[in-house]
Protein chains: 2
Amino acid sequence: MPLDFRKKQILQAIVDDYIESAEPIASKSLVSKHDFHVSSATVRNEMADLELMGYLEQPHTSAGRIPSDKGYREYVDSLMHVEELSNEEAQEISQRMTDSVEELTGLLRKASSALAEQTGYMSLALSPRLHKSYLTQLKMMMIEPGKVLVVVVLSAGVVKDRLVRIPDFLNADQVFQISRAIESGLCGKSLEEITLVTVTTAARDAHLPDSLLNQILYEAYTAIKQADNLEIYMDGTNHMLSFPEFHDNNRARGLFDTLSKDGIIAGYVNEVGESSTTPSYMIRIGQEIQLVGLHDCSFITTTYNVGDKIAGNIGVIGPKRMDYSKVISQISFVRTTINDQLKKLKEANGGTE
Amino acid sequence: MPLDFRKKQILQAIVDDYIESAEPIASKSLVSKHDFHVSSATVRNEMADLELMGYLEQPHTSAGRIPSDKGYREYVDSLMHVEELSNEEAQEISQRMTDSVEELTGLLRKASSALAEQTGYMSLALSPRLHKSYLTQLKMMMIEPGKVLVVVVLSAGVVKDRLVRIPDFLNADQVFQISRAIESGLCGKSLEEITLVTVTTAARDAHLPDSLLNQILYEAYTAIKQADNLEIYMDGTNHMLSFPEFHDNNRARGLFDTLSKDGIIAGYVNEVGESSTTPSYMIRIGQEIQLVGLHDCSFITTTYNVGDKIAGNIGVIGPKRMDYSKVISQISFVRTTINDQLKKLKEANGGTE
DNA sequence: TGTTAGCACTCATACATGTAGAGTGCTAAA
DNA sequence: TTTAGCACTCTACATGTATGAGTGCTAACA
């Protein structure tokens, strides 16, 4: 039993109004605001139907109605129309993100902050999933005896480094030999293929005694592996407190308790983001979000690209009552801006990938 | 007019009880809980005196009394007794912070997280003020044509790096010459002495045409300068929502709005932390904190050391009604743990400073 | 002079009651 | 199928009252 035209019209109007007011919508206020050419009584009947079909909910008998998760879902899937971002807004975002050319981390930080600011909700950016990307360089730079900076360069031009401690007696020359051996042994291998064993095997070519090698291999290994750590940048969490749905302290607490465990959020986004079936963005509404404390929220994520395949996510979290169409256009714009910036960063160095 | 012994005793008891209960303290409950050997009426008289003197406040006529900022101040300055941390707790913190030897950033992150967890309040850690530290090494590592990793090593063993874009046509050899010229020219200069001019002057020794140099000097300069950026790591902000003083949405909002601007917090801590007159910790109570939204909070900070002089701060923010004595012992312990860890990191490389 | 018992007073809270307003559901008629 | 009209329900708000907590004051006592 699909919704007929008028029902759709009414549902859309209710969601639109509710997004704006956060108050249950009454039949009377609907007809006065939108011109349906029918009376409030008729609308009332339709609303009763919509409730029966599960698209609406009623907080109590004599209140107006609010959209259910299913109602929002219908709205998002087929009722709302996403408009292009206005020029001013696009420019504002663009400006914030391109004022200085940055490496990936800085770019993601800026993207997240711009998203939070522009949407008024909270935003997040996830570092790319790099386990499929492969090692192109591994350098070790001796800082002092006993202290080495391990620089890992991956396909797609991502550079990560890590300061590690090694035994004092290793000299710069030995370190160099080791790093060259590992590099030539592992170059072209993807992060997920690299294990402590493969590192050890590769390092053997340095022709140094095992007793020496053992002391540094593990450090090298973790330095490589940590390049794949998911990092998450969140912003605008404070905005959430200003929405009536989180005026209640318990709800606010539930939300912030979960948000404080950013590993959980990162893992979740990573999961839903990776299973990216088709669309350029992905929406999760209310109960669809499998995270405690986020059942009153909606989640919009999209994917940006580093190189051809490697991808990370950006997203916006707001109340279920968020302005979906606007957020979608904003997030899409940020996404293309990230992609453009990354491409620009990469163009310079003729196809490392 | 200093407080006589009994007034002190009563004030202390009130603060202690209020810290625990968050409810205004009544004369009757005081005498039943603490054995003052006087009746509630007498205590009442004393409490009226204390209020007159500004140490207590009364939310309304028929309520008990709560400490004023001045009351907390007296309590903190001369009434409370700080105990040593229990062995278990010390061990717990120690364990969290020493499970793997880390460079500075990681250590601060862990310190902050341990503090938040153990106190139940929110915590922060500030990267050290490095403008007095001096450059000991500057390396540029060519990643790809057009992409260079600038590694800055400072006295006190701090290593910072930054990925920068340079013109494609500069080759590895030229980059090496430039970095060596800058390094030898600026080595031993403190960060605050280094300017774009000194960098330019130093770079001249590379004997490369100005047209080439100009393209990379600014990047090198910002890479050096950003080593001095204050970074702040906050943790446990979500805990604040669980205190009754922040059940009110407006207060919570005020707090979180300020917290979201971490530059503001960092700047403030840096300021009060730098003017460190004498004590090993510094306490700001309520209105003493010159930050909007933090007037219901108290702030305890202390200083950790990197090398002899260079220092950063760690701190705890909680409701005014926080458990001062406990937090002080916890924060002190974290501080010494940081210092120990940093010393351990440094010991290995015989006196770079 | 310090201490205390006793009592009047104040205020917050909880609860019951009444009322107005908003909004629905139902019914009967168009 | 639509609509006007009305009864019904629920919330929000105001009002009044009882209750309890806690103080401030006073007068008596040691």
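Here is how names work: the chains are called A, B, and so on, in the same order as the sequence lines, proteins then strands, and each is numbered from 1. Since this is a predicted model, take the numbers as computed values, not measurements.
- Note: B:Y268 and B:F299 meet the aromatic proximity criterion, with ring centroids under 6.0 Å apart.
- In this entry the distance linking CD of A:E46 with P of D:dT1 reads 10 Å, nearest Å.
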For B:D77 and B:R73, what are the C-alpha separation, side-chain angles and deciding distance, and is it a salt bridge (Lys or Arg N to Asp or Glu O under 4.0 Å)? CA-CA 6 Å; B:D77 285 348; B:R73 173 51 66 194; 3.2 Å; yes
Base-contact (B) and sugar-phosphate-only (S) positions in nucleotides 9-27 of chain C, heavy-atom cut-off under 4.0 Å, - elsewhere: -BBS---------BSBB--
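- Checked against the 6.0 Å centroid criterion, the rings of A:Y121 and A:F243 qualify as a close aromatic pair.
- For B:F36 and C:dT3, the CZ to P distance is 13 Å, given to the nearest whole Å.
- Among the atoms of the strands shown, base atoms are found under 4.0 Å from some heavy atom of B:T42.
- Although no hydrogens or angles enter the test, the distance criterion places a donor-acceptor pair under 3.5 Å between the side chain of B:T258 and the main chain of B:G254.
- Taking the six-membered ring for Trp and the full ring otherwise, the centers of A:F246 and A:F256 sit at least 6.0 Å from each other.
- Atom-to-atom, NE2 of B:H37 to C1' of C:dG2 comes out at 17 Å; the value is rounded to the nearest Å.
- Annotation for B:S27 and B:R44: closest pair OG-NH1, 3.4 Å, computed over non-hydrogen atoms.
- In this structure, CD of B:E23 is placed 12 Å from C1' of D:dA21, rounded to the nearest angstrom.
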